[in-house]
Amino acid sequence: MALAGLWVVAGLLAARQAAAVLRLPPDQRLTDLETWIGERGVLHVRGSLYDTDAFTGTPFAGLVLKPLTRAAEQSLGVAWTFGTLALVAVLGLVAARLLPSPVSRRTALLAAPVAISLIVLSLPVRNAFTLGQTSIIPVLLVLLSLLPKTSARQSALLIGVAAALQPALLLFAGLLWLTGRRRVAVLTGATFAACSALAWAAMPHDSWTYWVHHIGGAGLGESPDSLSNQSLHGLLLRAGLRGPLELTLLAVLAAAVIWWGLRRAAHYARDGQLLLAAAITGCVALAVSPTSWQHQLLWILLAVVGRVGRRQADRLVWPVLVVLVMTLNRHALMPGGLEGLGFIGDNAQLFAALAAACLVPFLTRDAPEWNRPQPSPTAEPVRTPYSWVPMLKFWRRPLSRPNLLLELMLIRVGYWGYSFIRAHAPDERSLAEGHGRQILSIESWLHIDVEYWFNHFVADTPWLEASMNYYYSTFHFLVPLSLLAWLYVSRPATYRWARTPLAFATLLALFGFWLYPLAPPRLMDMGYIDTAHGPQDLNDPDFGALTKLSNQYAAMPSLHVGWSLWCGVVIALVAPRLWMKVLGLLYPVLTTAVIVGTANHYLLDAVGGAAVVAAGFALQYVLTGAGRAPIEPARATEAGAAAARGRAATLWARARAKLPGTDPAPAPGTAAATAPTALRDAAEPPGPQSAEAGSAETDPVEPDAVKPGSGKHDLVKHDSVEPGPGEPGGPDADPDDRPAPADAAR
């Protein structure tokens with residue numbers, strides 16, 4: 001069933017991509033084919049291929065691919081589009097075939113549809129579809145040379161032809177040389193030279209222009225400092241370097257990347273990871289090439305097969321990073337407005353290629369963690385008294401701290417998706433204002449329509465207006481992010497427990513934005529005062545600066561209230577002081593007053609925000625069964641250490657009682673008299689009244705939450721608690737507090 005579903009997804013993605021290309025107007029689809037089939041294209045050109053600098057391929061590419069352009073011209077790109085789909089399918093199948101052995105049967109079955117889906121979604125292939133590029137062909141030729149049944153001569157022929165199409169791929173001859181296949185490396189170079197010589201004989205003027213005048217194609221196409229050029233040369237130009245300094249630095253960096261990257265690729269090739277070795281070599285070629293356009297970056301996606309991380313919690317970081325870089329644009333990867341982060345987003349593909357080529361410590365197949373990464377402690381789902389609520393029993397909630405980089409990537413992409421959907425939700429003014437009148441009618445019937453009065457009261461009170469405007473624009477993001485950061489650092493298990501309902505609540509709110517566009521009070525033209533943004537011209541489609549940033553009709557539910565309520569619930573559960581809990585619970589109340597006073601929401605919007613947060617906690621319970629925040633490792637360890645001290649003191653008291661001349665029954669009321677009873681209680685199995693203490697004693701790593709009225713707990717396997725410093729038997733304990741050998745013997 002899963003295999004069939006994945007193939008259906010892959011087919012739908014491919015069909016969607018083909019339809020998206022073919023539905024474009026003729027002047028907007030397959031635009032790069034104009035360099036082949038246009039009036040000045042390869043098919044019709046009488047002069048040089050490079051007269052207009054639009055054609056960036058090698059002379060050999062112009063020679064051998066000319067027949068393909070006639071089919072593209074005669075079929076208006078349909079055959080070209082479906083031919084590209086066929087190449088993508090073959091590429092995915094070959095990549096799945098090259099996974100390093102041993103491969104489980106399940107992985108072997110699922111690898112092909114997953115690979116095809118990722119390739120179709122990647123930016124290079126989407127560009128190849130839209131522009132009519134042929135960049136998939138060299139990648140496919142190289143991967144075909146790695147198949148087990150490909151002979152040495154066939155490998156040399158395939159790689160040599162690929163290098164003739166993209167000269168930087170001649171670095172694969174260096175990989176062959178370093179892995180001991182020197183005869184194949186020489187044949188590869190000879191094939192490349194023969195193909196280039198054939199093109200030179202057929203088109204000497206074009207070959208001179210490409211290889212001599214443009215030094216291997218440098219300077220053809222777009223400006224080399226454009227964002228499309230994801231190479232070291234483009235990076236240095238965008239950084240402001242020019243002239244001899246830039247060329248010298250480029251030569252040094254390129255030599256270092258080639259030397260180190262090819263050595264790493266050879267290491268993994270000898271380890272049997274041929275696909276990873278090819279991906280690393282391709283990333284090296286991308287980085288050192290004078291121009292590496294985005295449609296040539298498919299090698300980065302192939303590096304996803306490398307395994308990174310010895311812990312289970314770290315295993316997904318590299319694949320997720322590669323997939324995000326290769327499927328999302330720079331605006332989705334990094335927030336705008338910050339110059340440093342914007343520079344990272346602009347060069348994300350190059351940085352990913354350099355990381356794969358030179359930095360990422362991929363595991364070798366003989367590493368113990370290759371198939372068995374160090375597991376994270378997990379907690380079983382535990383039912384509460386609400387047995388009628390369904391639960392997914394297969395879900396195990398991790399208790400360790402998640403990988404920070406993975407969390408930041410998911411938070412960033414999640415917020416980008418939230419902003420994108422909110423901005424593209426229906427924003428028809430008449431519909432949104434009609435829903436606004438519905439809300440006001442319901443509130444009038446409920447006698448809670450206080451928005452107009454309270455908004456004017458705030459507007460007439462300068463200090464209150466200024467305070468609420470600052471609160472509205474600042475606290476909405478500051479408080480939730482600060483709380484998440486604190487939980488991640490000091491209470492990692494609670495962080496995992498708390499972030500899930502927040503994500504669910506935000507996702508559910510997107511459905512509200514899409515299904516029920518709602519004009520807030522300040523946009524209803526009914527006398528409300530927008531205290532934060534000033535008067536709005538509702539007759540102008542762009543009736544304010546905010547319309548350029550987000551959909552102003554995404555008011556139901558109010559995530560200002562939803563996120564603040566989530567903060568209040570979490571603070572009330574984890575705060576150690578009563579006054580902190582009270583402040584946490586007051587936070588959503590203050591937020592509700594602010595959104596109404598500034599005319600940004602109705603009271604029923606606040607109810608909607610509370611509803612999605614409640615639904616988020618309910619979904620979290622369905623997954624993990626946790627009704628409360630879990631006990632943290634530090635608290636559990638303290639409780640376990642206290643129990644260990646109690647057991648040691650009990651044994652010491654019993655030994656002392658057997659010594660001659662000692663008082664077997666200490667005086668009532670003394671510490672010695674009260675200690676045995678208290679320690680005996682601590683040593684007894686926990687009953688229903690001491691459930692939390694018992695959980696802490698039996699699970700010093702981190703037990704799950706105590707469910708009200710259930711007395712059930714999650715248990716995690718752990719080692720016995722060793723006496724710590726200052727404890728009986730510990731490394732720095734007082735010698736007088738330790739049983740003497742004679743006492744122990746008695």
Side-chain angles (χ1 to χ4, degrees), residues 90-112 114-116 118-119 138-159 162 169 171-185 187-188 258-285 298-312 314-319 322 353 355-374:
V90 175
L91 182 62
L93 293 172
V94 173
R97 179 69 176 83
L98 291 174
L99 290 177
S101 59
V103 178
S104 65
R105 182 175 180 273
R106 178 182 179 185
T107 301
L109 291 175
L110 301 182
V114 171
I116 294 174
L118 290 178
I119 293 173
V139 179
L140 181 58
L141 291 176
V142 172
L143 295 191
L144 288 174
S145 71
L146 303 178
L147 292 175
K149 294 184 179 180
T150 305
S151 66
R153 291 185 177 181
Q154 292 171 340
S155 298
L157 178 63
L158 291 170
I159 299 176
L169 298 186
L171 288 173
F172 277 92
L175 174 63
L176 294 171
W177 187 275
L178 291 176
T179 54
R181 305 180 65 187
R182 300 186 176 183
R183 182 171 177 270
V184 181
L187 290 176
T188 298
I258 291 174
W259 180 80
W260 182 245
L262 290 185
R263 287 173 61 89
R264 279 168 47 88
H267 170 70
Y268 292 110
R270 287 190 291 267
D271 187 55
Q273 302 184 59
L274 297 181
L275 182 58
L276 178 59
I280 292 175
T281 307
C283 289
V284 172
L298 193 55
W299 296 106
I300 304 173
L301 182 62
L302 298 179
V304 76
V305 299
R307 299 190 184 183
V308 185
R310 301 187 180 276
R311 298 190 310 154
Q312 185 68 45
D314 302 330
R315 187 55 62 88
L316 288 177
V317 176
W318 174 248
V322 172
C358 303
L359 299 177
V360 179
F362 298 110
L363 296 176
T364 55
R365 292 193 302 164
D366 57 355
E369 297 82 2
W370 172 262
N371 285 320
R372 296 182 179 180
Q374 300 172 7

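Reckoned from all heavy atoms, side chains included, excluding hydrogens, waters and symmetry mates.
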Hey, does [Y] have a side-chain heavy atom less than 4.5 Å from the side chain of [X]?
X      : Y      : value
Thr364 : Trp370 : no
Pro100 : Arg307 : no
Leu302 : Val139 : yes
Trp177 : Thr188 : no
Leu276 : Phe362 : yes
Leu359 : Arg264 : no
Leu143 : Leu146 : yes
Ile159 : Val184 : no

message: Evaluate Ile119 against Leu301 for side-chain contact (heavy atoms from CB on, under 4.5 Å), listing each step before the verdict.
response: CA-CA 8 Å; Ile119 293 173; Leu301 182 62; 4.1 Å; yes

query: Step by step, would you call Val317 with Val308 a side-chain contact (heavy atoms from CB on, under 4.5 Å)?
result: CA-CA 8 Å; Val317 176; Val308 185; over 6 Å; no

Roughly how far, to the nearest 0.5 Å, is the [atom2] atom of [Y] from the [atom1] atom of [X]?
X      : Y      : atom1 : atom2 : value
Arg97  : Lys149 : CZ    : NZ    : 7.5 Å
Ile280 : Trp260 : CD1   : CH2   : 11.0 Å
Arg181 : Leu175 : CZ    : CG    : 9.0 Å
Leu178 : Arg263 : CG    : CZ    : 8.0 Å
Leu274 : Leu99  : CG    : CG    : 11.0 Å
Glu369 : Gln312 : CD    : CD    : 11.5 Å

Minimum-distance pair of heavy atoms, taken over all atoms of [X] and [Y]:
X      : Y      : result
Ala173 : Ala185 : O-CB, 3.3 Å
Ala357 : Val284 : CB-CG2, 3.6 Å
Ile300 : Val322 : O-CG1, 3.5 Å

message: Leu169 vs Leu141, test: side-chain contact (heavy atoms from CB on, under 4.5 Å). Steps then yes/no.
response: CA-CA 11 Å; Leu169 298 186; Leu141 291 176; over 6 Å; no

Counting N and O atoms only, with roles assigned by atom type, does the side chain of [X] sit under 3.5 Å from a partner on the main chain of [Y], one being a donor and the other an acceptor?
X      : Y      : value
Gln273 : Leu363 : yes
Trp299 : Ala353 : no
Ser155 : Ser145 : yes
Arg365 : Asp271 : yes
Thr281 : Leu171 : no

